[in-house]
Amino acid sequence: MLCSRPLIGLFLSVLTCGSVTACAADCFCDLSLAAIRVLITDEDGTPVEGLEFSVNVERTGEQVVFPAEVPHEGWYPVITDVEQKYIDPSGEQLRFAATDGQRTVTAQYVVDMPGRCNCHVNKVSGPDTLVIH
């Protein structure tokens, strides 16, 4: 069984990275999807749905484009593993803004992708909940 070790390694790479080429040779990321989200409520604490929102990378001015994800029950995405391409693994400042046309709320976030393999986004700072006025 001279070939068993390379085959086992290949199998583990596919299980942990989703594909053999998705990870560096000595990095193994799990298939979980990290997401940084914010809950937006009104003054009474009721979640607010249907807001137009945007997230901009302060360093580049680039607007983060999310997949056709619809915010659910007042939760809005700040950044997820799907949008890793927008952020520097060592840290990035993001500006979140949401509006219903009359009321607006904004917040600053600092995010990074810690660890040698930079597998998942991580919130360094920023609010968990915002109140729209």
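Reckoned from all heavy atoms, side chains included, excluding hydrogens, waters and symmetry mates. Just so it is clear, the model here is predicted, and its values are computed rather than measured.
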* To do: Evaluate the side-chain proximity of R116 to C27: yes if any heavy-atom separation is below 4.5 Å, no if none is.
  => yes
* Asked: How would you list, by chain and number, every residue that makes a salt bridge (Lys or Arg N to Asp or Glu O under 4.0 Å) with D100, sequence neighbours excluded?
  -> R103
* Please name the pair of heavy atoms, one in G61 and one in N56, separated by the smallest distance, quoted to 0.1 Å. => O-ND2, 3.5 Å
* Asked: Can you tell me how far CE of M113 sits from CG of N122, rounded to the nearest 0.5 angstrom?
  -> 10.5 Å
Sequence neighbours left out, cut at 3.5 Å: what donor-acceptor pairs do the side chains of residues 39-47 make with other protein atoms?
| unit_1 | atom_1 | unit_2 | atom_2 | d |
| --- | --- | --- | --- | --- |
| D42 | OD1 | D44 | N | 2.9 |
| D42 | OD1 | G45 | N | 3.1 |
| D42 | OD1 | T46 | N | 2.9 |
| E43 | OE2 | H133 | ND1 | 3.4 |

* Set of side-chain contact (heavy atoms from CB on, under 4.5 Å) partners for D81, sequence neighbours left out -> L33, A34, Q84, H120, V121
* Can you see which heavy atom on Y109 is nearest to which on P127, and at what distance? => OH-O, 2.8 Å
* Shortest non-hydrogen contact from C117 toward F28 -> SG-N, 4.3 Å
* Structure fact -> Nearest heavy-atom contact between P67 and E83 is CD-OE2, 3.3 Å
* Asked: Between V57 and V64, is any pair of side-chain heavy atoms under 4.5 Å apart?
  -> yes
* Is there a donor-acceptor pair closer than 3.5 Å between any side-chain N or O of Y86 and the backbone N or O of V65? -> yes
* Asked: Does the side chain of V38 reach to within under 4.5 Å of the side chain of T129, using non-hydrogen atoms?
  -> no
* Asked: So, Y76 side chain and L51 main chain: donor-acceptor pair closer than 3.5 Å or not?
  -> yes
* Output every pair passing salt bridge (Lys or Arg N to Asp or Glu O under 4.0 Å) with a member in residues 118-133, not counting sequence neighbours, ordered by first then second residue. => K123-D128
* Only counting residues at least two apart or in another chain, list the ones meeting salt bridge (Lys or Arg N to Asp or Glu O under 4.0 Å) with R59. => E92
* **side-chain contact (heavy atoms from CB on, under 4.5 Å) assessment of I36 paired with T80** => CA-CA 6 Å; I36 300 167; T80 75; over 6 Å; no
* Asked: How about S54 and F96: do any of their side-chain heavy atoms sit closer than 4.5 Å?
  -> no
* Stepwise side-chain contact (heavy atoms from CB on, under 4.5 Å) test for R37 and V78 -> CA-CA 5 Å; R37 303 179 311 157; V78 175; 5.8 Å; no
* Give the other cluster members for V131, using side-chain heavy-atom distances under 4.5 Å between Ile, Leu, Val, Met, Phe, Trp and Tyr residues; answer none if it is isolated. => none
* Minimum-distance pair of heavy atoms, taken over all atoms of A97 and T106 -> CB-CG2, 3.9 Å
* Within one Ile-Leu-Val-Met-Phe-Trp-Tyr cluster: F66 and I87, side-chain cutoff 4.5 Å -> yes
* To do: For the residue pair V111 and V124, establish whether any side-chain heavy-atom pair is separated by less than 4.5 Å.
  => no
* Asked: Which atom names give the shortest non-hydrogen contact between V105 and L130, and what distance separates them?
  -> CG2-CB, 3.7 Å
